[in-house]
Structures are given as C-alpha cells and as structure tokens.
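Worth saying up front: this structure is predicted, and the values here are computed from it rather than measured.
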Amino acid sequence: MLILDQRAKDWLGERLGALEAHFDADVIFYYGIIAPGHDKPFRDFIEKLAAEKAHRRLVMLLNTGGGSAETVEKMVRIMRFHYGEVSFVVPDFAMSAGTIWCMSGDKIFMDYSSSLGPIDPQVWNGKEWVPALGYLDKVEELLEKARNNQLTDAEFLILQGQDLATLSRYEQQRNLTVTLLKQWLVQYKFKDWKTHKHDPAKLGQPVTDDEKQARAEEIARILGDNRRWHSHGRMIGPETLRGVLRLVIEDYSTDEKLRPMIRAYNDLIVDYIVRNNFGNFLHSRNFF
C-alpha cells in the first residue's frame, strides 16, 4: 500500500506540474468543508508556496460543499496578499460558501458537468452546518400569515418558539454573503469590463461603477433566492450561470488539451482522498 501511495503521489505531482505549465501559474487543490480554524493551515500552505516566487498568478482547483463565509473572507485575503491574479477551476462542485469563494476570482473555469450552488449561508448550530435562508423564509411566511390573520394555533407556537438571537445571526450571515459577493465581483470579476458588449442599447459605451454594482447586486439576489432554487444543494451548471446570471465562465468542455489534464488530476486525487477517508485535503507542488 505504501508503494501505491507513493506512486499516486508521484503521478499527482506530475499532473499538477502539467497544469502549472499550462496556466503559467502556481496551482493548488482544495477539498473539503470550509470551517473556522482552517484558515491558519491554509495561510501556512499559501505562504510556503508563494515564498518560492515562481508565479504571480494562482489557480485553485476547488471541491467543496461549502461552510463558513467568514473563513472564506479570511482565505481570500490570504490569497490576494500573495497573488495579483487568482482563478478558480471547479472540476466537480463548489457549493454555498464555495460559490462565494469562486466569485472572488478573476476567472472561473468549469466544464459542462461542473456546478456552483445557491449562496444560502451555512451556520453551525452546535451539531452540524445548516442553511440559514430556509429558517428565515419560513419565519417570514409565518409572519405574513399572522399579518393576514391566517396563522393557526400550531403555527403560532412554532413562531413563538423561535430564538430571536439565532434569527438575527442568520440574517447577519445572509447579509455578509451578499456583501462579499458584490464586493468581489466588482473588484475582481468585473475589473476588465470596460465597455458594454451585449446590450444593444449600450453597445460600445463605457461601463460605469454603478452599473457594475447593479450587476453584482442582481447576481447576489438571484443566487440568494431560496424560492428560485428550492434546495440548498441545487447544482447550478455553467449554462445557467451564463444564461440566467450572465456570468462569464471559462468553459473548457471542448478543450481537448485542458479538459483531460484537469480530469486526470482531479479524478485521481479525489479517489485518493475518498479511499483514505480524509475530511479535508490540500495539495501543491511542495505540499502533500
């Protein structure tokens, strides 16, 4: 088994090196939940790589079900301190806080089977991570019924039993995710958006800061619309991201050079992680 592990490590190193050559960037891999306490090892991981000063660009392959928006904010600061350009590759999925993380990138690479998710923030309830918007939506539904004198006795008891401090925390998490997404879209994703290219009425005209803010707010509103997506785990593919959210996605579905490179690396390392039952995993050319 040790021989197989060493061979897998060698293969992964070779395939990571090929990706670094293709992107002309430092390439890293992140797998697992995004939780408080993960920021310090991530900081050390990035500092060790950046110290070699091989590239000013960073490309992250991201596989995550989500987690803490506050932790994502810290990790973005760490990445941006060391790298002037950051891009994300989503081979499988980057959900919730993972989607917010991707929005801090200059570019997002996906193929037809890749997915982002709604930005329903997850909060720790003492036992597990739970999506916050479902709670807020249900309370608002009960409040609306109360305003219309349609609240049943059973619903009144449910509403009465809600912890206001917890609901306030959920609202704060929702507002934070929207704030971060809007900030990063304007600062990074829209930085090269100089003139209008799709609106016939504004074709060729300069794009204003207010227009960038409005587009970012629209994207945040759509991604945070729990009623549209119906499920915290809804998989949103690149076609929807381009068509509904009008986001620029670097689609490598038909790139006969890049897609096999990403698949060969990602599928092998995910299989290695699952086989060894690792919860979180980081990989770079100098860390395994």
| request: Go through the steps for His38 and Tyr30 under the test side chain to side chain contact (heavy atoms under 4.5 Å, CB included), then give the verdict. | output: CA-CA 11 Å; His38 291 177; Tyr30 186 103; 3.8 Å; yes

| Are the side chain of Lys9 and the backbone N or O of Phe288 linked by a donor-acceptor pair below 3.5 Å? | no

| Glu239/Tyr112 under side chain to side chain contact (heavy atoms under 4.5 Å, CB included): CA gap, chis, key distance, verdict | CA-CA 8 Å; Glu239 184 175 339; Tyr112 75 95; over 6 Å; no

| query | So, Arg215 side chain and Leu245 main chain: donor-acceptor pair closer than 3.5 Å or not? | reply | yes

| task | Kindly compute the distance separating CH2 (Trp193) from OG1 (Thr208), expressed to the nearest 0.5 Å. | result | 8.0 Å

| remark: Residue pairs meeting ring-ring contact (aromatic ring centres under 6.0 Å, His included), one or both in residues 202-222, sequence neighbours left out, come to none

| field | Heavy atoms of other groups near Asp153 CG, more than 12 under 6.0 Å | value | no

| message | Could you check whether atom CZ of Phe278 has more than 12 heavy atoms from other residues, nucleotides or ligands sitting under 6.0 Å from it? | response | yes

| Heavy-atom pair with the smallest gap, counting every atom of Met95 and Gly117 | CE-CA, 3.8 Å

| task | For this output row, return yes or no: ring centroids of Trp11 and Tyr265 closer than 6.0 angstrom. | result | no

| field | Nearest-0.5 Å distance that lies between atom CZ in Arg221 and atom CZ in Arg228 | value | 7.5 Å

| task | Might you work through the side chain to side chain contact (heavy atoms under 4.5 Å, CB included) test for Glu20 and Arg285, ending with a clear yes or no? | result | CA-CA 9 Å; Glu20 290 196 320; Arg285 65 173 178 269; 2.9 Å; yes

| query | Which atom pair, heavy atoms only, marks the closest approach of Trp229 to Thr240? | reply | CH2-CG2, 4.0 Å

| So, the side chain of Thr99 versus the backbone of Ala94: is there a donor-acceptor pair under 3.5 Å, distance only? | yes

| task | Compute whether any side-chain donor of one residue and acceptor of the other, for Gln213 and Asp209, lie under 3.5 angstrom apart. | result | no

| query | Below 4.5 Å, heavy atoms only, C-beta onward: do Glu144 and Gln150 meet side chain to side chain? | reply | no

| message | Is there a side-chain contact between Tyr83 and Ile46 in this structure, where contact means two heavy atoms from C-beta onward sitting under 4.5 Å apart? | response | yes

| request: Starting at SG of Cys102, measure out to CD1 of Ile249 and round the result to the nearest 0.5 Å. | output: 8.5 Å

| Which atom pair, heavy atoms only, marks the closest approach of Val90 to Ser115? | CG1-O, 3.6 Å

| task | Taking Arg15 for its side chain and Ala264 for its backbone only, find out whether a donor-acceptor pair lies under 3.5 Å. | result | yes

| Same apolar cluster: Leu16 and Leu268, side chain cutoff 4.5 Å | yes

| Is a salt bridge present between Lys182 and Glu217, judged by a nitrogen-to-oxygen distance below 4.0 Å? | yes

| query | Is there a side-chain contact between Met103 and Ile108, using heavy atoms and a 4.5 Å cut-off? | reply | yes

| field | Nearest heavy-atom neighbours spanning Lys212 and Val207 | value | CG-CG1, 3.8 Å

| request: Examine distances only and state if a side-chain atom of Ser96 and a backbone atom of Ile119 form a donor-acceptor pair shorter than 3.5 Å. | output: no

| task | Please check if the distance between the ring centroids of Trp184 and Phe88 is under 6.0 Å. | result | no

| said: Any heavy-atom pair between the side chains of Phe281 and His283 that's under 4.5 Å? | reply: yes

| request: Can you tell me which residue pairs pass the salt bridge (Lys or Arg N to Asp or Glu O under 4.0 Å) test with a partner in residues 77-95, sequence neighbours excluded? | output: Arg80-Asp106

| task | Can you measure from CE (Met75) to CD1 (Ile34) and round to the nearest 0.5 angstrom? | result | 7.0 Å

| request: Would you indicate whether the side-chain heavy atoms of His22 and Met261 approach each other to under 4.5 Å? | output: yes

| Regarding Asp111 and Ser113, is there a side-chain donor-to-acceptor distance under 3.5 Å anywhere? | yes

| request: Step through it carefully: locate the ring centre of Tyr272, locate the ring centre of Tyr31, and say whether they are under 6.0 Å apart. | output: no

| message | Measuring only between side-chain heavy atoms, which start at C-beta, is Leu185 closer than 4.5 Å to Leu247? | response | yes

| query | Side chains of Tyr252 and Ser114: does their closest heavy-atom pair fall under 4.5 Å? | reply | yes

| query | Is atom CD of Gln205 surrounded by more than 12 heavy atoms (other residues, nucleotides or ligands) closer than 6.0 Å? | reply | yes

| remark: In terms of heavy-atom contacts, Ala97 and Val72 come closest through O-CG2, 3.6 Å

| remark: One should read off an interatomic distance between Gln187 CD and Ser104 OG, to the nearest 0.5 angstrom, of 9.5 Å

| said: Quick one, Ile236 with Leu241, criterion side chain to side chain contact (heavy atoms under 4.5 Å, CB included). Give me CA distance, side-chain angles, the key distance, then yes/no. | reply: CA-CA 7 Å; Ile236 305 173; Leu241 294 170; 3.7 Å; yes

| Can you tell me how far the CG atom of Leu181 sits from the CG atom of Leu176, to the nearest 0.5 Å? | 11.0 Å

| message | Is there a side-chain contact between Lys40 and Phe45 in this structure, where contact means two heavy atoms from C-beta onward sitting under 4.5 Å apart? | response | no

| Nearest heavy-atom pair of Val186 and Ala216: which atoms, and what distance? | CG2-CB, 3.9 Å

| query | Do Asp271 side-chain atoms and Asp267 backbone N/O form a donor-acceptor pair below 3.5 Å? | reply | no

Cut-off 3.5 Å, no hydrogens considered: what does the side-chain donor-acceptor table look like for residues 55-66, sequence neighbours left out?
{"from": "His55", "atom 1": "ND1", "to": "Asp26", "atom 2": "N", "distance (Å)": "3.4"}
{"from": "His55", "atom 1": "ND1", "to": "Asp26", "atom 2": "OD1", "distance (Å)": "2.7"}
{"from": "Arg56", "atom 1": "NH1", "to": "His82", "atom 2": "O", "distance (Å)": "2.6"}
{"from": "Arg57", "atom 1": "NH2", "to": "Asp24", "atom 2": "O", "distance (Å)": "3.1"}
{"from": "Arg57", "atom 1": "NH2", "to": "Asp24", "atom 2": "OD2", "distance (Å)": "3.0"}
{"from": "Asn63", "atom 1": "ND2", "to": "Asn266", "atom 2": "OD1", "distance (Å)": "3.0"}
{"from": "Thr64", "atom 1": "OG1", "to": "Gly32", "atom 2": "O", "distance (Å)": "2.7"}
{"from": "Thr64", "atom 1": "OG1", "to": "Gly66", "atom 2": "N", "distance (Å)": "3.0"}

| request: Verify the ring-centre separation between Phe287 and Phe29: is it less than 6.0 angstrom? | output: no

